[in-house]
Amino acid sequence: MNRFEKLKGMEMPDAKKFLTELLGDKAEILFEDLRETVKVMEVEEGSVIRYGGIEWVVLERNLHLNGVLAVAKGCLLKKAFDAKGEQNNWAKSTLREFLNSFGDDGSSTLGKVNKNDLIEFERDLTTDDGMTEYGTCKDYISLYTCDEYRRFRKLIPNCGEWHWTITGDSLEYSFYVRNVISGGTLGSNLAYYGSRGVRPLCILKSDTLVEVNEEG
């Protein structure tokens, strides 16, 4: 049986995987007609969408903010939490500064993600041991807290890579930040350690157009 005969007998998800392995990124062209473009508020929680050239998982339709909370399906890059090596306070971290840097046209450091499609939202910087001295801050692009990770864990697919949360371990051990290890459980690491993944979290405005796969 040659490759094309094998392809004929496959279900759509298996066929897409097979062609992607065979053709790489070029395979996406073959499946463009299987995607439909909708407003993000119309997408069910737990669904995978494509926005800004990135795949996201819809976590919550936030009616209060008139937007949709979404997290990247996988880690997009690796960076230190705070390259200055100072502390685990997300509000002062170099990673936060990087993610929330935008051009005059709203362009971001993440593919085609644009500030004009995002809602600024408040972030709770309570440390893992319950101290509130860091207060809160507001981000357009953030990471989840430990509490958010626990809350949405059933919807968040395990990406198989270590990646940061924004939750500091404690004030006493101010160099340590909580992260998610490859198996999906929580751990911690030094804030200036640069090989941890970045899995962005954001709130898309309700009328932002996104792509979803018809086959789900």
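None of the values given here were measured: they were computed from a predicted structure.
Note: Leu155 CG to Glu45 CD = 7.0 Å, rounded to the nearest 0.5 Å. For the atom pair Asn88 CG and Arg178 CZ, the distance stands at 11.5 Å (nearest 0.5 Å). For the atom pair Asp124 CG and Tyr134 OH, the distance stands at 13.5 Å (nearest 0.5 Å).
Residues Leu59 and Phe152 share a closest heavy-atom pair of O-CE2, 3.6 Å. Closest non-hydrogen pair, Ser142 versus Leu99, comes out as O-CD1, 4.2 Å. Nearest heavy atom pair, residue Cys75 against residue Trp162, reads SG-O, 4.3 Å.
Side-chain contact check for Leu118 versus Ile141: some heavy-atom pair is nearer than 4.5 Å. Side-chain contact check for Val43 versus Trp56: every heavy-atom pair is 4.5 Å or farther apart. Using a 4.5 Å heavy-atom cutoff, the side chains of Leu125 and Ile166 are in contact. Looking at heavy atoms from C-beta onward, Thr145 lies in side-chain contact with Thr167 at the 4.5 angstrom threshold. Side-chain contact between Pro157 and Val57: present, with at least one pair of heavy atoms (C-beta onward) separated by less than 4.5 Å. Between Thr185 and Val180, every side-chain heavy-atom pair lies at or beyond the 4.5 Å cut-off. At least one side-chain heavy atom of Arg153 sits under 4.5 Å from a side-chain heavy atom of Asn158. For the pair Ser188/Val177, no side-chain contact is recorded, criterion being any heavy-atom separation below 4.5 Å from C-beta on.
Hydrophobic clustering, with ILVMFWY side chains joined whenever heavy atoms are under 4.5 angstrom apart, groups Tyr51 together with Val38. Ile119 and Met41 fall into different hydrophobic clusters, where Ile, Leu, Val, Met, Phe, Trp and Tyr residues are linked whenever their side-chain heavy atoms come under 4.5 Å apart, directly or through other members.
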Could you give the side-chain donor-acceptor pairs of residues 62-73 under 3.5 Å, partners two or more places apart or in another chain?
{"residue": "Asn62", "atom": "OD1", "partner": "His64", "partner atom": "N", "Å": "3.1"}
{"residue": "Asn62", "atom": "OD1", "partner": "Leu65", "partner atom": "N", "Å": "2.9"}
{"residue": "Asn66", "atom": "OD1", "partner": "Ser206", "partner atom": "OG", "Å": "3.2"}
{"residue": "Asn66", "atom": "ND2", "partner": "Ser206", "partner atom": "OG", "Å": "3.4"}

Show me the donor-acceptor pairs within less than 3.5 Å that the side chains of residues 77-85 make with the rest of the protein, sequence neighbours left out.
{"residue": "Asp82", "atom": "OD1", "partner": "Thr94", "partner atom": "N", "Å": "3.2"}
{"residue": "Asp82", "atom": "OD2", "partner": "Glu86", "partner atom": "N", "Å": "3.0"}
{"residue": "Lys84", "atom": "NZ", "partner": "Lys92", "partner atom": "O", "Å": "3.2"}

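The pair Arg150-Asp128 meets the salt-bridge criterion, with a side-chain N (NZ, NE, NH1 or NH2) lying under 4.0 Å from an Asp/Glu carboxylate O. A salt bridge is defined here as a Lys NZ or Arg NE, NH1 or NH2 lying under 4.0 Å from an Asp or Glu carboxylate O, and Arg151 with Glu60 meets this definition.
Sorted by first and then second residue, the pairs that involve residues 102-112 and meet side-chain hydrogen bond (donor to acceptor under 3.5 Å, both in side chains), not counting sequence neighbours, are Asp105-Ser107.
Applying the salt bridge (charged side-chain N to carboxylate O under 4.0 Å, His left out) test to Asp139 and every residue at least two apart in sequence or in another chain returns Arg96. Evaluation of the salt bridge (charged side-chain N to carboxylate O under 4.0 Å, His left out) rule for Arg123 yields Glu148 as partners, not counting sequence neighbours. For Tyr193, the ring-ring contact (aromatic ring centres under 6.0 Å, His included) test picks out no residue, with sequence neighbours left out.
Note: Tyr149 and His163 have perpendicular aromatic rings, judged against thresholds of 30 and 60 degrees for the angle between ring planes. The aromatic rings of Phe175 and Tyr192 sit perpendicular, their planes meeting at an angle over 60°, well past the 30° parallel limit.
In this structure a side-chain-to-backbone donor-acceptor pair under 3.5 Å is present from Thr127 to Met131.
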